[in-house]
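The structure presented is a predicted model; accordingly, all values stated were derived computationally and were not measured. Count residues from 1 along the sequence. Because only heavy atoms are used, hydrogens play no part in the values below, and waters and symmetry mates are left out as well, while side chains stay in.
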Amino acid sequence: MSRLNLRKLPRISYYEPEEPSFDEYLFCHECRDYVYEYCSIHGPLLVVPDAKAPLKSPLPAHVPRAALTVPSVFLHIAPSSIPGLAKECFACPIEPGAGIGVFSSLTLPAGVRFGPYRGKITKDIDSVYCWQIYDKNNKPAHVVDAADDGRSNWMRYVNCSRHWSEQNLLAYQYKGQLYYRSDDSKIYDFT
C-alpha cells in the first residue's frame with residue numbers, strides 16, 4: 001500500500017464519553033430507578049409550561065406577576081387552609097396560616113412536571129422561598145430565591161405538606177434547575 005492510501009482510511013477514536021452527572025438523571029416513579037432524560041418503558045414526564053404573563057395586566061396593580069404565570073387551565077391560586085405561620089398573602093389580609101396556596105381542579109396523574117422554579121440567583125438564603133441548587137460535584141452552587149414576586153413564577157406559592165401522606169408533589173433538581181413533579185393521583189390540593 002502506498003502512503004496515499006493509508007491517509008484515506010477513517011480515523012478511529014478511542015475517546016470514552018464522560019458519564020452524565022447525577023443532575024442529568026430523572027427518577028422513574030414506576031420503575032423505582034434513575035433514568036437518563038426519560039424512561040424508555042414509561043415515557044417522558046408530561047411538561048406543563050407556565051402561562052405567559054402579559055406585559056400589561058388587566059388585573060389590579062397589587063396582583064403580582066408571579067400569580068399571572070399559573071397554568072390557568074386546571075390550577076389556581078387561593079388562600080390556603082393550612083394552619084401555621086403566615087407568609088405574605090396578596091388576596092387576603094395576613095392571617096395565621098400558610099398564606100396563599102396552589103390548588104388543582106383536576107386529579108393529576110403521576111409524572112406531570114412543573115417548572116422550572118424561577119427567582120433571583122444568589123448565594124444567601126434570605127427568605128422562605130429559597131431552594132438550594134447543587135453543582136456536578138454535589139456541592140452547593142447557588143440559591144434560587146423567589147421572594148420577589150416580580151421575578152418569580154407561580155411555583156413560589158406551593159406550600160409544603162403537613163404530613164407525608166398529604167404529599168402530592170416532589171421537588172427535584174434537573175440540569176441545574178428545580179422542578180416539581182406530581183407524585184401520584186392523590187386528590188389533595190397543592191396548598
Side-chain angles (χ1 to χ4, degrees), residues 26-30 38-39 42-120 127-131 133 144-191:
L26 294 170
F27 184 76
C28 177
H29 187 70
E30 305 268 333
Y38 67 92
C39 178
H42 301 104
L45 297 173
L46 173 64
V47 177
V48 177
D50 290 353
K52 301 268 188 225
L55 293 175
K56 201 152 192 165
S57 173
L59 300 173
H62 69 275
V63 177
R65 181 199 167 278
L68 301 176
T69 63
V70 67
S72 59
V73 175
F74 56 90
L75 296 177
H76 64 279
I77 295 174
S80 177
S81 61
I82 294 177
L85 185 61
K87 292 191 275 185
E88 62 184 287
C89 181
F90 68 86
C92 60
I94 299 294
E95 298 175 0
I100 298 174
V102 180
F103 300 88
S104 176
S105 56
L106 301 174
T107 301
L108 299 176
V112 177
R113 184 186 90 178
F114 301 102
Y117 189 83
R118 298 280 185 212
K120 182 175 100 176
S127 73
V128 295
Y129 298 103
C130 291
W131 280 97
I133 303 296
V144 179
D145 187 355
D148 180 4
D149 53 23
R151 296 178 67 179
S152 59
N153 62 358
W154 66 274
M155 292 171 57
R156 75 188 296 270
Y157 299 115
V158 174
N159 293 320
C160 294
S161 59
R162 296 172 288 186
H163 190 265
W164 65 267
S165 65
E166 292 179 345
Q167 184 174 356
N168 54 8
L169 286 181
L170 296 173
Y172 68 97
Q173 182 178 321
Y174 180 63
K175 295 187 177 180
Q177 298 197 53
L178 186 95
Y179 296 90
Y180 289 147
R181 182 191 74 185
S182 60
D183 186 15
D184 58 18
S185 57
K186 294 176 188 167
I187 303 177
Y188 301 112
D189 295 324
F190 288 166
T191 62

Inset, instruction - Quick one: closest heavy-atom pair of R181 and L45, and the distance? - result: CD-CD2, 3.7 Å

Inset, instruction - Inspect the surroundings of OH in Y38 and state if more than 12 heavy atoms from other residues, nucleotides or ligands are less than 6.0 Å away. - result: no

Inset, instruction - Decide yes or no for I133 and Q173: does some side-chain heavy atom of the first lie under 4.5 Å from some side-chain heavy atom of the second? - result: yes

Legend entry - Separation between CG of L169 and CG of N159, rounded to the nearest 0.5 Å: 11.0 Å

Legend entry - Test item: S152 side-chain N/O and A66 main-chain N/O as donor-acceptor pair under 3.5 Å: no

Inset, instruction - Any chance you could measure D183, atom CG, to Q167, atom CD, to the nearest 0.5 Å? - result: 6.0 Å

Legend entry - Gap between atom CG of D50 and atom CH2 of W154 - 0.5 Å precision: 7.0 Å

Inset, instruction - Write down the atom of V144, the atom of R118, and the distance for their closest heavy-atom approach. - result: CG1-C, 4.0 Å

Inset, instruction - Determine the interplanar angle of the Y117 and W131 rings, folded into 0 to 90°, and report it as parallel if under 30°, tilted if 30 to 60°, perpendicular if over 60°. - result: perpendicular

Legend entry - CG-CG distance between L108 and L46, expressed to the nearest 0.5 angstrom: 9.0 Å

Legend entry - S80 (side chain) donor-acceptor with G99 (main chain) under 3.5 angstrom: no

Legend entry - T69 side chain to A53 backbone, donor-acceptor under 3.5 Å: no

Legend entry - Minimal non-hydrogen separation, H42 against C28, with atom names: ND1-SG, 3.4 Å

Legend entry - Gap between atom SG of C39 and atom CZ of F27 - 0.5 Å precision: 10.5 Å

Inset, instruction - For the pair R156 (side chain) and A147 (backbone), establish whether a donor and an acceptor sit closer than 3.5 Å, ignoring hydrogens and angles. - result: yes

Legend entry - Over all atoms of both residues, closest heavy-atom pair of A67 and V63: CB-CG1, 4.2 Å

Legend entry - Minimum-distance pair of heavy atoms, taken over all atoms of P64 and Y157: CG-OH, 3.3 Å

Legend entry - Distance in Å, K52 NZ paired with L68 CG, rounded so as to fall on 0.5 Å steps: 14.0 Å

Inset, instruction - Could you tell me which non-hydrogen atom of Y179 sits nearest to which non-hydrogen atom of P116, and how far apart they are? - result: CE2-N, 3.5 Å

